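A quick note: this is a predicted structure, and the numbers were derived from the prediction, not measured.
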Amino acid sequence: MDSGFTTRIQKEACIGCGLCTEVCPSRVLFLEAGKAEVLEADCLACGHCEAVCPENAIKAAGPTPWLRGFAGFEIPERPLPPGEFDAGNLVGLMLSRRSCRNFRDKEVGQEVLQDLAGVGVTAPSGTNSQALCFTVLSTRQAVVEWAEGIGNFFRRLNRLAGRPVLRLLLKALGRPELHNYYLNHYQSVQGALAEWEQKGVDRLFHGAPAVMIVSSSNNASCPAEDALLASQNILLAAHSLGLGTCLVGFAVAAMKKDPSLARMVGIPTDDTAYAVIALGYPSVKYLRFTSRKEPSLRFKA
Ligand SMILES: Cc1cc2nc3c(=O)[nH]c(=O)nc-3n(C[C@H](O)[C@H](O)[C@H](O)COP(=O)(O)O)c2cc1C
């Protein structure tokens with residue numbers, strides 16, 4: 001299959017140092033007559049060779065090469081070598097990000113949303129497949145319309161889960177999911193639906209003015225991991241750009257059971273959505289770090 005990946009070596013510029021052959025994860029680069037050569041068929045186009053070449057003699061690219069600046073911030077001219085970014089600032093950012101459930105009534109601009117998608121694709125992806133799609137609901141109205149669709153799904157689910165004979169019969173037949181849902185979520189979902197209907201309180205997206213759905217092609221080698229790694233990058237970048245975010249697992253679960261919800265917002269048909277991120281400017285400021293569970297850490301020498 002033609003992946004569309006290309007790795008071009010400018011022979012005149014190549015000095016035959018061999019650094020590219022050392023960093024190539026697929027071992028498709030080799031030296032011949034003092035110049036780098038590539039076996040393109042197995043190349044991932046990960047760009048390690050291009051990034052390491054002291055003579056800038058290599059261009060590695062996927063089918064739709066893309067590298068652009070960001071509208072809201074500048075990136076350094078060169079990659080930061082290991083150890084040259086302040087770990088305290090990085091971990092401070094990680095610790096400062098909190099799930100936001102209190103949003104201001106202020107739209108998130110298109111450029112910011114584009115920047116966040118651009119941040120998403122900086123994440124690693126299995127076999128460099130980069131098969132991500134970012135579907136953005138950029139107005140509160142679009143968010144509310146989708147929330148209505150998801151609300152209808154949970155209304156139907158709660159009607160089923162509210163039937164004890166049905167859920168216990170399914171459980172006896174080895175399908176305990178509905179019973180477990182009843183035990184863990186039925187009551188709170190019932191309450192959230194009532195609040196939505198009676199008071200317009202949005203317990204699903206927490207009143208967010210925008211939502212970003214991160215999906216990945218089912219043909220990718222590690223679609224779930226790719227989408228979730230991209231999502232974490234987006235959460236951190238959003239925080240540094242002044243935005244609050246909240247992952248909404250209820251929306252992901254609803255899409256899994258009812259594919260019409262993914263179609264409703266135009267997610268590609270051969271994609272699966274792994275993360276739904278509520279986004280907006282926060283109306284609450286957090287003043288101190290809070291604790292986490294101690295990591296379970298085991299060493300084996
Ligand atoms: C996979 C996943 C799904 C989540 N789903 C929801 C959700 O549906 N609604 C919500 O309010 N928070 C959701 N959260 C946020 C968690 O509740 C939150 O991350 C956790 O309480 C820790 O708080 P923090 O994110 O502020 O550090 C989800 C988080 C993850 C990782």
Using 30° and 60° as the class boundaries, would you call the ring planes of [X] and [Y] parallel, tilted or perpendicular?
X    : Y    : result
F73  : F70  : parallel
F250 : F154 : perpendicular
Y181 : H185 : tilted

Do other residues, nucleotides or ligands put more than 12 heavy atoms under 6.0 Å from [X] [atom1]?
X    : atom1 : value
R27  : CZ    : yes
Q110 : CD    : no
D105 : CG    : no
K35  : NZ    : yes
R97  : CZ    : yes

Between [X] and [Y], is there a shared hydrophobic cluster once you connect ILVMFWY residues whose side-chain heavy atoms come closer than 4.5 Å?
X    : Y    : value
V108 : I277 : yes
F134 : L137 : no
L235 : V276 : no
L279 : L228 : no

State, yes or no, whether a side-chain contact exists between [X] and [Y] at a heavy-atom distance under 4.5 Å.
X    : Y    : result
M255 : I267 : yes
C49  : T7   : yes
L173 : L169 : yes

Any donor-acceptor pair under 3.5 Å from [X] side chain to [Y] backbone:
X    : Y    : result
E50  : A60  : yes
D115 : A71  : yes
D258 : A254 : no
N102 : V284 : no
D226 : G126 : yes
N233 : G120 : no

Practice problem: Just do the salt bridge (Lys or Arg N to Asp or Glu O under 4.0 Å) check on R8 and E40 with the steps written out, would you? | Solution: CA-CA 9 Å; R8 297 278 174 261; E40 254 182 68; 2.6 Å; yes
Quiz item: Do the charged groups of E197 and R155 touch, with an N to O distance under 4.0 Å?
Solution: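 Yes, this pair counts.
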Quiz prompt | Residues K11, E37: salt bridge by 4.0 Å N-O rule | solution =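 Result for this pair is yes, salt bridge flagged.
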Identify the heavy atoms of [X] and [Y] that sit nearest to each other, and give their distance.
X    : Y    : value
G16  : L31  : O-CD1, 3.6 Å
D202 : G207 : OD2-N, 2.9 Å
S217 : P223 : O-CB, 3.5 Å

Self-check item: Non-neighbouring partners of F205 that pass ring-ring contact (aromatic ring centres under 6.0 Å, His included), sequence neighbours left out
Solution: W146
Quiz item: Y274: what forms a ring-ring contact (aromatic ring centres under 6.0 Å, His included) with it, not counting sequence neighbours?
Solution: none
Quiz prompt | Result of checking T272, D270, D271 against N218 for side chain to side chain donor-acceptor pair (under 3.5 Å) | solution =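 Exactly one pass, corresponding to T272.
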